[in-house]
Structures are given as C-alpha cells and as structure tokens.
Number of protein chains: 2
Amino acid sequence: MKKTTTTKETDISTEEKIRNAARKVFHSKGFAATRTRDIAEEAGMNLALLNYYFRSKEKLFALVMQETMQTFIQSIKVIFNDESLSLEAKVELLAGNYIEFLGANPDLPIFMLSEMRRDPSVLAGKLGLKEIVLHSHFMQQFQQGIKAEQIRPMHPFHLVMNIVGLTVFPFIAAPMLKTVGDLPDAAFTELMQERKALIPLWVKAILKA
Amino acid sequence: MKKTTTTKETDISTEEKIRNAARKVFHSKGFAATRTRDIAEEAGMNLALLNYYFRSKEKLFALVMQETMQTFIQSIKVIFNDESLSLEAKVELLAGNYIEFLGANPDLPIFMLSEMRRDPSVLAGKLGLKEIVLHSHFMQQFQQGIKAEQIRPMHPFHLVMNIVGLTVFPFIAAPMLKTVGDLPDAAFTELMQERKALIPLWVKAILKA
DNA sequence: AATTTGTTTAATCAAATGATTAAATATTTT
DNA sequence: AAAATATTTAATCATTTGATTAAACAAATT
C-alpha cells in the first residue's frame, strides 16, 4: 500500500480523490452525461484506476448517490427533531441552513431530483424517511398547532412541500433567473440571503392563511 | 410524396411522428440519456429516418426544446397580461392552469430546468421574457399594491419564485414524495387539486406578511 | 407508361465510451 | 535484501451509438 503510511498523512488517498472527483462530475452533469474519462481527468489520474478501485461506473455512481442522500437526510433529521426549538425556530433554521448549504452546492437539487426520477430505487431503504418526517417533533408541533386552532388544518405534505419548495426551488430555477431574468450572480445571492428571513415569515403566514 | 395526398388525411406525417416521439423521449429521459434508437423505436420506424428528416440528434433536440419553450412562455404571457383580471384572479388562473397542465406533462419541469442548466443558450433570444414578466399587467398590479400599502414591499422575483415554486416544485419532487413519502398516485393528484385553491390563498397571505 | 422526385430500408461506418489486461512500478512483509 | 503484495500505467477490447450510404420502393410529373 502507498497511501496510509507515507511520511506525511496530508495527502489524500487515490480512492478518495476519485470519490471526490466523481461526486463533483456526477453532481454537475448527472449520470448519463458523465463519462468515466471525465472523472479520471478531474481526479488527475488514469482511467483504469476507476475500475480498479470501484468496479464500474454504476457502482461508483451508486456510492456517490448513497453518500449524497445520507448527508441530505441526516441534516433534515437533526433539525426536525430538535425538541428545544419552536416550530417557527425550526423553519428559520431549516431555511437558513439549507440556503447556506445550497449556496455552496447549487447543483445538488437538480442532481438529486433528476436522478431520482431516472431510478427511484436510490430511495429504496430510505422509506424510514417518511416516519422520520411525519413523526418528527416538528410534525407534533404542527398537529398541536392545528388542535389549538392556531394553525389552519392542512395535509402535512402541503407544509413540507411549501417549506422545501420556497427554499429549494430558486436554486433549481437559478439558471433561468440568471439568463432570462438577466440577474447577476451577486444579485441572486443577495436575494437568497433575504429569503433566509422571509421564508419563515411567509411560512407563518401560510400556516394561518 | 406520400403523406399529403393519401386518401385519408387522418394519418400523421412521418416527420410529425418523429417529432412526437422525440418530444416524449427527450422529455422523459433528457438529452444525454436519450439514444436516437429510442426515438426511432418510439416512433415505430427506421433509425435512418431521423437523420433524413432532421439532420442530427442535436438538431432534433433543439427543435423539441424550442417548441417546448415556446408553449411554456406563451402560456405565461397570456395570463400575466390579461387586463380584465385582478391580481388574485391571475394567481388563481396561473396555479389552476399550471397544475392542470403539469398533471398531464409531469416530466416537463425537470426536463426544462436540467436542460437549461446543461446549456443555458436554449434561452438565448428569450431575453424578452424578462420584460414580458417584469412589465406585465400582473407586475403593474403588484407595484400598485405596494404603493397603496396593501402589499408588503419585496423584490418582484421573490413573488415570481414563490408562485412558481409553490406550483411547480411538488411535481419536481413527486418521485420522492411517492417513493419516500409512500404516497400513491391518486393521493398525489388529490393533493395537487387541493393546491389549486390553496396556492392563491397562500400567495395572498405572503403578499401581506 | 416512362421518368423524375421523394421516402424508406438494411447494412455499414466511425467515433465514443466503459471496461480489461499485462506489464511496470512502488510498498510492505519476510 | 528478497519475496510478496498492492498500485499504477499504457495499450487494447468490445459494445454502444450517432450518422451515412446505396439500393429498394412509392408517388408525382411528364
């Protein structure tokens, strides 16, 4: 072996270089448009290494996808179940965190959503997510609010779609806004910063509408 | 020629069969994942015909894309500028029409948004859209509402992103909702029907928030 | 009917692409 | 240091895929 015992441990293993490169390219171009040679080049190494470390393009992709989903789901789980936060505070955190995160990973939403459509089996085994979301502390607070007549009754999925839609959709539509709307990157970023504060207000208004 | 002068005019020309097949396959799989053979098969004809009628996969795709954008933009333009409608009525029509339309063409949003990211030049020449939207009757009503202090001041793009996001995002997220949320098709459709009425209420609430 | 023009098919090409192999090089173990 | 094991490279395969071609077929024109 080379990696583990080199004098400096600062260098990243070849395997990890490939994973990182694969993540980057897959996220930006999707499975079908990505060529294994793109990944090799991005990682700065020989094509054969991809197949040496990971058996095939499919396997490598599955790994990246699994990792991506993991990150995504974990971050939801944590906020949805923080019992120290009010419903409003959770929405604030969700919007703020996600807008921050998507600012750094703007390709993620389209990647996840289009690859899910291509092959919904990526989600197999993630069925737990339904329970995580629907039985979360967040949902308890929501149902409680309805009982207390402080919140207009609605299907919980509406609420989830609204929060996620208001937060994520602008990033999906960004190419269009920037081109058609003639919106410079900086202006887009600023709008997104504004939304960190606005989305919680809007969600509150929606809940009472 | 065969098509134009056959006894019955009910039959569709070969060219149109190909266009229809191409639209269907491109919309569902995107450019990169679509093979010209898929289209030929879907159209029930020889592969060489694609290249006979349309010069290449790229040309055929460009045509489909142009058609798709055209439809999309036209439908926006009409509603945004119907001077007989109040702002609320416009939102109702937009939500209602789009939910209806997307129910029949659920692949469209991801298709458009991901292909736009792949090559934003599809939008070249559509820069007029900015003016259409920002100088529409709808926007005049919006600005008027702000002046009259009936609407909380906000960047017009926020409003557009909210309306479109609330309407379109659920269709983009549908694969996830159906799989992870364990939501049957019928239940999803019902939720979307509910949203026809709910989105206008929510938007109204957002405008005043 | 004969000719010309347009349409369709089957076969084939060339380039792109995922994958493999055998040899070279480096690292670890003995 | 020698042997064994792990990593990397360059060359090559096999398949897929977009595209073309030459010939067959059909329709329109003369």
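Numbered from 1 within each chain, the chains take letters A, B, ... in sequence-line order. Heavy-atom basis, side chains included; hydrogens, waters and symmetry copies ignored. Please read all numbers here as calculations on a predicted model, not as lab measurements.
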### Task
For residues 30-42 of chain A, pull every pair meeting salt bridge (charged side-chain N to carboxylate O under 4.0 Å, His left out), keeping only residues two or more places apart or in separate chains.
A:K24-A:E42, A:K29-A:D38, A:R35-A:D38

#### Entry: Any residue meeting side-chain hydrogen bond (donor to acceptor under 3.5 Å, both in side chains) with A:Q141, in chain and number order, not counting sequence neighbours
A:K90

#### Entry: Residues from residues 60-67 of chain B lying under 4.0 Å of DNA chain D - heavy atoms
none

### Task
Counting Watson-Crick and G-U wobble pairs whose two distances are both under 3.5 Å, find the runs of 3 or more in a row that involve DNA chain D.
C:1-30 with D:1-30

### Query
In chain order, what residues pass the ring-ring contact (aromatic ring centres under 6.0 Å, His included) check against B:F138, with sequence neighbours excluded?
B:F80

### Message
Under 4.0 Å, heavy atom to any atom of DNA chain D: which of residues 30-44 of chain A qualify?
### Response
none

### Task
Could you list the residues that satisfy side-chain contact (heavy atoms from CB on, under 4.5 Å) with A:D119, not counting sequence neighbours?
A:S121

### Message
According to side-chain contact (heavy atoms from CB on, under 4.5 Å), who are the partners of B:A197, at least two apart in sequence or on a separate chain?
### Response
none

## Note on the structure
Residues passing the side-chain contact (heavy atoms from CB on, under 4.5 Å) test with A:N51, sequence neighbours excluded, are none

### Query
Quick one: what's the B/S/- string for nucleotides 20-25 of chain D, heavy-atom cutoff under 4.0 Å, read 5' to 3'?
BB----

### Sequence neighbours excluded, every pair satisfying ring pair (Phe, Tyr, Trp, His ring centres under 6.0 Å) that has a member inside residues 159-181 of chain B
B:F171-B:F188

### Residue pairs passing the side chain to side chain donor-acceptor pair (under 3.5 Å) test where at least one lies in residues 191-206 of chain B, sequence neighbours excluded
A:H158-B:E194, A:H158-B:R195, A:N162-B:R195, B:E100-B:K196, B:Q193-B:K196

### Message
Below the 4.0 Å mark, does D:dT8 have OP1 or OP2 next to a side-chain nitrogen or oxygen of A:T14?
### Response
yes

